[in-house]
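Note that the coordinates shown come from a computational prediction; the quantities given were computed from them, not determined experimentally.
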Amino acid sequence: MLEVLLVSGRPEMFSDLEAVLASDREFSFQRAADGAAALDYAGRNAPHLVVADDELEDMSGLELVRRLIERNVFINTALVSSWSEPEFHEKTEGLGLLARVPPQPSPAEARALLDQLKTIVSRLTGPARAGGST
């Protein structure tokens with residue numbers, strides 16, 4: 001099972017993403033309301049993906065991503081952003097983000113993100129361990 005951590009103080013931010021996650025038995029998800037809670041959770045667990053809102057109560061989403069990869073360079077991260085593609089690339093260069101997520105991603109955008117995660121995990125671990133049964 002692939003675990004996703006959703007980080008936002010705005011519960012509605014990921015409502016469609018949560019619905020897609022809940023409908024797919026290959027995924028489980030947890031929520032964190034701020035960066036400190038996300039760092040604590042990621043330090044105790046090994047989520048396959050952390051999706052961070054761009055603005056958190058205690059830090060920016062970009063700062064959270066930086067702090068997460070300082071702790072675990074292999075963690076997959078995605079950041080909610082309304083920046084243009086060039087601006088996003090400039091601000092996140094070198095961080096190895098899996099994706100830029102639009103504010104309130106649609107079900108299709110959520111599915112695309114999760115499919116991208118499945119592809120990456122399957123390449124790293126083989127198809128039998130990418131969330132499917134062995």
Side-chain angles (χ1 to χ4, degrees):
M1 183 166 286
L2 300 176
E3 184 175 1
V4 178
L5 177 61
L6 305 174
V7 187
S8 179
R10 303 179 282 179
E12 71 283 356
M13 172 65 65
F14 297 129
S15 59
D16 286 339
L17 177 54
E18 286 183 10
V20 172
L21 285 164
S23 71
D24 189 328
R25 293 185 299 155
E26 291 186 60
F27 290 95
S28 67
F29 69 95
Q30 298 296 319
R31 296 178 197 94
D34 59 30
L39 289 166
D40 180 60
Y41 183 86
R44 291 181 288 108
N45 302 280
H48 292 90
L49 174 65
V50 176
V51 183
D53 194 350
D54 57 346
E55 292 300 322
L56 302 169
E57 184 177 309
D58 55 352
M59 66 184 74
S60 71
L62 190 56
E63 178 61 23
L64 173 60
V65 167
R66 284 189 179 112
R67 291 177 67 181
L68 284 167
I69 63 168
E70 284 176 2
R71 293 179 178 196
N72 179 356
V73 72
F74 298 109
I75 196 162
N76 293 299
T77 55
L79 181 64
V80 170
S81 174
S82 56
W83 298 324
S84 69
E85 190 61 40
E87 186 178 13
F88 182 82
H89 177 73
E90 181 180 320
K91 290 182 178 191
T92 63
E93 188 170 9
L95 296 178
L97 279 132
L98 178 66
R100 177 179 72 153
V101 177
Q104 295 186 302
S106 71
E109 291 162 331
R111 174 52 49 204
L113 174 64
L114 299 180
D115 288 346
Q116 188 176 7
L117 177 64
K118 283 182 185 179
T119 298
I120 287 172
V121 171
S122 120
R123 286 181 183 160
L124 295 174
T125 62
R129 299 203 56 220
S133 59
T134 55

Looking only at non-hydrogen atoms, find the nearest pair between [X] and [Y] and report the distance.
X      : Y      : value
Leu5   : Arg31  : CD1-C, 4.0 Å
Asp16  : Pro107 : OD2-CD, 3.4 Å
Ala36  : Met59  : N-CE, 4.1 Å
Phe29  : Ala22  : CE2-N, 4.2 Å
Leu113 : Ala99  : CD1-CB, 3.7 Å
Ser82  : Pro103 : CB-CG, 4.2 Å

Listed pairs under 3.5 Å, donor-acceptor, residues 68-77 side chains, sequence neighbours left out:
residue: Arg71; atom: NH1; partner: Leu39; partner atom: O; Å: 3.2
residue: Asn72; atom: OD1; partner: Phe74; partner atom: N; Å: 2.9
residue: Asn76; atom: ND2; partner: His48; partner atom: O; Å: 2.9

Cut-off 3.5 Å, no hydrogens considered: what does the side-chain donor-acceptor table look like for residues 85-94, sequence neighbours left out?
residue: Glu85; atom: OE1; partner: Arg100; partner atom: NH2; Å: 3.3
residue: Glu87; atom: OE2; partner: Lys91; partner atom: NZ; Å: 3.2
residue: Thr92; atom: OG1; partner: Phe88; partner atom: O; Å: 2.7

Close side-chain approach of [X] and [Y], heavy atoms under 4.5 Å:
X     : Y      : result
Leu64 : Leu79  : no
Trp83 : Leu62  : yes
Gln30 : Pro47  : no
Val4  : Leu117 : yes
Leu17 : Val101 : no
Val20 : Phe27  : no

Are the side chain of [X] and the backbone N or O of [Y] linked by a donor-acceptor pair below 3.5 Å?
X     : Y     : answer
Glu57 : Ala33 : no
Glu63 : Ser60 : no
Asp24 : Glu26 : yes

Report the distance from atom [atom1] of [X] to atom [atom2] of [Y], rounding to the nearest 0.5 Å.
X      : Y      : atom1 : atom2 : result
Arg44  : Asp40  : CZ    : CG    : 4.0 Å
Ser81  : Glu55  : OG    : CD    : 10.0 Å
Asp115 : Ser122 : CG    : OG    : 11.5 Å

Which is it for Leu2 and Leu49 under the side chain to side chain contact (heavy atoms under 4.5 Å, CB included) test, yes or no, and what are the steps along the way?
-> CA-CA 8 Å; Leu2 300 176; Leu49 174 65; over 6 Å; no
Which residues satisfy the side-chain hydrogen bond (donor to acceptor under 3.5 Å, both in side chains) test with Ser8, sequence neighbours excluded?
->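 Testing Ser8 for side-chain hydrogen bond (donor to acceptor under 3.5 Å, both in side chains), a comparison that skips the adjacent residues, returns Asp53.
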